[in-house]
Amino acid sequence: MDLSKLNDKQKEAVMHIDGPLLILAGPGSGKTRVLTNKIAYLIENNYAMPIQILAITFTNKAAKEMKDRVYKLVGKSAFDVQLSTFHSFGLRILRENYQELGLNKTFTIIDESDSLSLIKKILKDLNIDEKMLSPKYVKNRISSSKNSLIDVLEYSKYSKGDIEEKVYEIYKKYQELLIKNSSVDFDDLLFMPVKLFRKNKQILEAYQELFKYIFIDEYQDTNEAQYVLAKMIASKYQNITVVGDESQNVYSWRGANYKNILNFEKDYKNVTTILLEQNYRSTKTILNAANDVIKNNKERKEKNLWTNNDLGEKIKYIKATDEKDECRIVIEEIKKLNHKMELKDMVVLYRTNAQAQIIERTFLENNIPYKIVGAYTYYSRKEIKDLLAYLKLINNTKDDVSLIRCINTPKRGIGKKTIEDLELEAKRQNKSLFDVIKDGKEGTFKKIIENLIKAKDNISLTELVDLILTKTGMIDEYKKENTIESISRVENLNEFKSITKEFEEETGNISLEDFLLEISLVSDINENKSEINGVSLMTLHSAKGLEFDLVFVMGLEDGIFPHINSLDSLEELEEERRLFYVAITRSKEYLYLLNANTRLLFGSKTANPPSRFIKEIDEKYIEKDNIKEEFNIEDSFYEDEVFYEIGDQVYHETFKNGIVVSLDKDFVTIAFSRKYGIKKLMKNHKSLRKVW
DNA sequence: GCCTAAGTGCTTTTT
DNA sequence: GCACTTAGGC
């Protein structure tokens, strides 16, 4: 194998065999190349069989990318490497030990929205008003507890006060219901393996023995559960290689703790540390700008990123009048630069998925090919979730969540009252809802499900889907409706059959059980169809690990990016800054920063000041392309703090007269005329002033 | 039980 | 602006 393309540091990392290895790798420093080459090196030199290698990434996309690259290096044995996301790896452990964990072989993975519905249902059962305790908050608490390895029992020890006690009660109920439904949520995929290993040392030892070499990518993004899971398996042979960059931790809201990477040298003995500081991706301008930004963060290891690349183009900062104008400018620039590069080498990045809508519309209107990554998910469409509910129920009849979803879809005259009675009866007999139905009197629904269960083992998956679509009346219902919307729903449902077909062609006759588990960890069917030559549209988070010739960062406004919810805390603001750092460093050559003077938010027009991050970049790297405004954005703010009180009369350049209704640290909420409504604005923005 | 109209609250980011 | 929930009439 050819290591001549690697630099000395990279080579050293690849050829390091035994003991813990920490690779601190800046953006564009070739860490994926090191990882894939190292895996190949182990295989080719017989240090390990492919099945003895565990390599973990954070996204499906990264896993696929890495698999492809290992395949190119070692061929078919790449398929034997356990190369997957943490969650898929957790799923494997669950599947191999389901009995130990009190699950059926055909257990179900519930997605986030099902998890939220379950919590809403529990709140209702416990007579808790959603306004007093929001289901979302509860879900967050449960999720972060699981990610910190705090189970129900443990939680009870720390829950103090009314709210916390309520959350505890809900957590307890939630977990009971999951087990009763033979279901797990995403967080369980990480938590349950750890629980299993703590309980059963023999099982842990078997995995320790199997996975002699462990690789963890994006180590700065590991949460407690992931960190412990990796450590448990690695603890016997200590052959663990972790790669990461604390400056790119953008998942602390999901429990990721960048200190895991900073502490690696303390956590393991005899750690070899290698710094990858040479950037091969970006121009000097882009790299310097990125360094300008990230140096404003306090908690980080000093790294000295450098590149041999040219100075390159200046970064363009463009200020649009509104969000439509912002999109128009992007399209214009794409057209201008299209002769220099292909569309697939361009990306448009935004902070929130909500921004994607108008961008997508503009691309459509201008007939520019594009692909949206993540965001709108095929699997979260109503009709697809309904179909999936049937499949899940047939696979796992204990799954009450799915039963409730499909029992009256399409309408069969089964309403609230019937379901309530059914639930009561199920509770009385301590049975699943379907068991009660099965023992009860004949009915359309019962007949449909029983027939489908009988049929499922004798026909292919695609045939089963077809049977569901026709026998349940789903397709007919939508065909009868005959609206633009219902026609598209029929199309989506039919598309599902091509998905199952594809699975069957790839893996032979895939079982229903395998299929459901497989797709539950994939958010979009298009995830693997990146071959279209179009501009990529995605959130900043999805862009991590990717690179493009041309990068647009949109909505660079205080309140959008950095996001409004992060402005009050230094930690969260630093995370936003890391996100900006990630965004800048995605670019090889061209970088556009855009924002808008006003934009439609929550259906009303708002004005946000330019993002505070822009001014952190040295002016000399920036070109003010057709900006009327001076570059120094400080000019749009008053230097001194402006004091407001509730009830103050104010005047805004765009929104005219208004009255202050509430205040917080940097922002003031103002009620303007009916036309503009209520807005939250920066206190010291120059377009706003007090009227005495 | 179903349908509609009015009412509400909401948007971070992913597996 | 939109998706989702709720109340009230049929």
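Chain letters run A, B, ... following the sequence lines, proteins first and then strands; every chain starts at 1. If you're wondering where the values come from, they're calculated on a predicted model, not measured in any experiment.
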Looking across every strand, which nucleic acid part, if any, lies under 4.0 Å from [X] by heavy atom: base, sugar-phosphate, or nothing?
{"X": "A:K120", "answer": "sugar-phosphate"}
{"X": "A:I414", "answer": "sugar-phosphate"}
{"X": "A:T59", "answer": "sugar-phosphate"}
{"X": "A:G603", "answer": "base"}
{"X": "A:F58", "answer": "sugar-phosphate"}
{"X": "A:K544", "answer": "nothing"}
{"X": "A:Y251", "answer": "sugar-phosphate"}
{"X": "A:S88", "answer": "nothing"}

Would you please confirm or rule out a distance under 4.0 Å between OP1 or OP2 of [N] and any side-chain N or O of [X]?
{"X": "A:S542", "N": "B:dT14", "value": "yes"}
{"X": "A:N353", "N": "B:dT14", "value": "yes"}
{"X": "A:T539", "N": "B:dT12", "value": "no"}
{"X": "A:T418", "N": "B:dG1", "value": "yes"}

Nearest to the [X] side chain among [options], which nucleotide is it?
{"X": "A:N565", "options": "C:dT5, B:dT14, B:dT11", "result": "B:dT11"}
{"X": "A:N408", "options": "B:dT14, B:dC2, B:dT11", "result": "B:dC2"}
{"X": "A:L600", "options": "B:dC10, C:dG1, B:dC3", "result": "C:dG1"}
{"X": "A:R351", "options": "B:dT13, B:dG9, B:dG1", "result": "B:dT13"}
{"X": "A:A354", "options": "B:dT12, B:dT14, B:dT11", "result": "B:dT11"}
{"X": "A:F602", "options": "C:dG1, B:dT12, B:dC3", "result": "C:dG1"}

Between [X] and [Y]: side-chain donor-acceptor atoms closer than 3.5 Å:
{"X": "A:Y207", "Y": "A:E96", "answer": "yes"}
{"X": "A:K480", "Y": "A:S486", "answer": "no"}
{"X": "A:T108", "Y": "A:N396", "answer": "yes"}
{"X": "A:E365", "Y": "A:T362", "answer": "no"}
{"X": "A:Q226", "Y": "A:K231", "answer": "no"}

Atom [atom1] of [X] and atom [atom2] of [N]: how far apart are they, to the nearest Å?
{"X": "A:D558", "N": "B:dT12", "atom1": "CG", "atom2": "P", "answer": "16 Å"}
{"X": "A:Q357", "N": "C:dC2", "atom1": "CD", "atom2": "C1'", "answer": "8 Å"}
{"X": "A:L567", "N": "B:dT11", "atom1": "CG", "atom2": "P", "answer": "18 Å"}
{"X": "A:K411", "N": "B:dC3", "atom1": "NZ", "atom2": "C1'", "answer": "9 Å"}
{"X": "A:K124", "N": "C:dT6", "atom1": "NZ", "atom2": "P", "answer": "5 Å"}
{"X": "A:Y350", "N": "B:dT14", "atom1": "OH", "atom2": "C1'", "answer": "14 Å"}
{"X": "A:L123", "N": "C:dT6", "atom1": "CG", "atom2": "C1'", "answer": "17 Å"}
{"X": "A:D322", "N": "C:dG1", "atom1": "CG", "atom2": "P", "answer": "14 Å"}

Where A:E224 and A:N147 come nearest, the two heavy atoms and their spacing: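 Minimum heavy-atom contact is CB-O, 3.3 Å.
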
Most 5' of A:R254 and A:I419 on DNA chain B, judged by nearest nucleotide: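 Here A:I419 is the residue nearer the 5' end.
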
Position toward the 5' end of DNA chain B (nearest nucleotide), A:E572 or A:G413: A:G413

Between A:E481 and A:R489, is the salt bridge (Lys or Arg N to Asp or Glu O under 4.0 Å) condition met? List the steps. CA-CA 11 Å; A:E481 218 180 288; A:R489 289 193 198 277; 5.9 Å; no

Using a 5.5 Å cut-off between ring centres and planes within 30 degrees, is A:H563 stacked on the base of B:dT12? yes

B:dT13 base stacked by A:W253? Criteria: ring centres under 5.5 Å, plane angle under 30°. yes

Rounded P spacing from B:dT13 to C:dC4 in Å: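 Result for the P pair: 15 Å, nearest Å.
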
